[in-house]
Amino acid sequence: GAVVSQHPSWVICKSGTSVKIECRSLDFQATTMFWYRQFPKQSLMLMATSNEGSKATYEQGVEKDKFLINHASLTLSTLTVTSAHPEDSSFYICSARTLLNTGELFFGEGSRLTVL
Amino acid sequence: DAKTTQPTSMDCAEGRAANLPCNHSTISGNEYVYWYRQIHSQGPQYIIHGLKNNETNEMASLIITEDRKSSTLILPHATLRDTAVYYCIVSPTGSQGNLIFGKGTKLSVKP
């Protein structure tokens, strides 16, 4: 199947700093990518939909100024957690569909953020 | 909200078949049934999906009832590496949208 890669896989940062997470589709192009967040022992919750060449669409309750999403190309979307605080510590996961849209969503390996 | 209902947890003996049920009684005619699994601290992995016919691939089989209100994912010979949370999701065919994850079933494969 198609491969989605995230970087970094884990990051530890100090409170107040910003962290950027990259999501790349390695062998396909994706006009749309999705960013999820997962807290311990909970399911995945959609944060935002990232659209290539346009603004991201955020889910209710997700601050767009805090979670900056950029989808500059058909193979790369980035999520920047600005002024991170300990409550932002979570597992962030991206996913994408191929342009063929055979139905499946392909997920990255996830990025674990720990804010001290 | 997720449109599926799954048991919270299940156990399975290594080498035996794991049968994971899912209820989706409000499924629409254009919605597929998808199965994903998530091994601890990894991103979800696609397993299989189907519309109304039974499907089989190298990972699993998907059995969908004739009325499409429920389905069963079958792992024919479970191994310890199959221990994961399994998610059953319904989504329209050709959808450009995301998938909505419920709580899933925590499958524990025991030696």
Side-chain angles (χ1 to χ4, degrees), chain A residues 1-7 9-10 21 23-25 28 30-52 54 56-60 62 77 90-114, chain B residues 1-9 22 27-28 30-53 55 57-60 62 64 71 73 84-108:
Chain A
V3 179
V4 176
S5 180
Q6 284 183 240
H7 178 80
S9 56
W10 60 270
I21 301 170
C23 177
R24 294 182 184 273
S25 53
F28 69 100
T31 55
T32 302
M33 292 184 175
F34 304 97
W35 286 95
Y36 293 81
R37 180 168 54 182
Q38 186 176 33
F39 292 108
K41 299 188 184 303
Q42 295 186 23
S43 189
L44 284 76
M45 294 299 294
L46 180 70
M47 297 176 65
T49 301
S50 170
N51 302 297
E52 187 267 336
S54 64
T57 303
Y58 290 82
E59 296 299 298
Q60 190 173 10
V62 178
S77 176
S90 188
F91 194 50
Y92 293 86
I93 309 167
C94 72
S95 68
R97 293 185 189 277
T98 69
L99 294 182
L100 292 176
N101 193 19
T102 50
E104 310 95 291
L105 268 184
F106 298 97
F107 288 83
E109 315 95 319
S111 299
R112 185 164 301 282
L113 170 63
T114 301
Chain B
D1 291 338
K3 297 166 64 174
T4 62
T5 305
Q6 300 176 251
T8 302
S9 63
C22 179
I27 192 170
S28 300
N30 68 338
E31 289 182 315
Y32 278 80
V33 180
Y34 292 86
W35 283 84
Y36 284 77
R37 73 180 182 184
Q38 187 178 24
I39 296 170
H40 183 63
S41 293
Q42 297 183 24
Q45 177 189 21
Y46 166 80
I47 301 174
I48 199 168
H49 73 286
L51 185 62
K52 54 183 178 181
N53 297 323
E55 302 288 344
N57 62 21
E58 64 279 4
M59 290 184 67
L62 173 61
I64 302 174
S71 61
L73 179 74
V85 178
Y86 287 76
Y87 297 98
C88 169
I89 303 166
V90 296
S91 182
T93 176
S95 171
Q96 292 293 324
N98 65 298
L99 295 178
I100 299 174
F101 285 77
K103 298 185 186 303
T105 296
K106 175 69 192 306
L107 175 69
S108 298

Sub-4.5 Å side-chain heavy-atom contact between A:Tyr36 and B:Phe101 =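 Counting from C-beta outward, A:Tyr36 and B:Phe101 do come under 4.5 Å.
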Do other residues, nucleotides or ligands put more than 12 heavy atoms under 6.0 Å from B:Met59 CE?
->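 Buried by this count: over 12 neighbours within 6.0 Å.
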Interatomic distance, [X] atom [atom1] to [Y] atom [atom2] [nearest 0.5 angstrom]:
X	Y	atom1	atom2	result
A:Leu44	B:Ile100	CG	CD1	12.0 Å
B:Ser41	A:Gln38	OG	CD	8.5 Å
A:Phe107	B:Gln42	CZ	CD	13.5 Å

Report yes or no: does B:Tyr36 contribute a side-chain atom to a donor-acceptor pair with the main-chain N or O of A:Leu105 at less than 3.5 Å?
->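 Judged by distance alone, yes, a pair lies under 3.5 Å.
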Please step through side chain to side chain contact (heavy atoms under 4.5 Å, CB included) for the pair B:Lys103 and A:Gln42, ending with a clear verdict.
-> CA-CA 7 Å; B:Lys103 298 185 186 303; A:Gln42 295 186 23; over 6 Å; no
Under a 4.5 Å heavy-atom cut-off, does chain A meet the side chain of B:Gln45, its backbone, both or neither?
->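 Answer is neither: B:Gln45 stays 4.5 Å or more from chain A.
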Part of A:Gln6 within contact of chain B (heavy atom distance under 4.5 Å) =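 When you check distances to chain B, no heavy atom of A:Gln6 falls under 4.5 Å.
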At a heavy-atom separation under 4.5 Å, does A:Ile93 approach chain B through its side chain, its backbone, both, or neither?
->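 For A:Ile93, the contact with chain B is made by the side chain alone.
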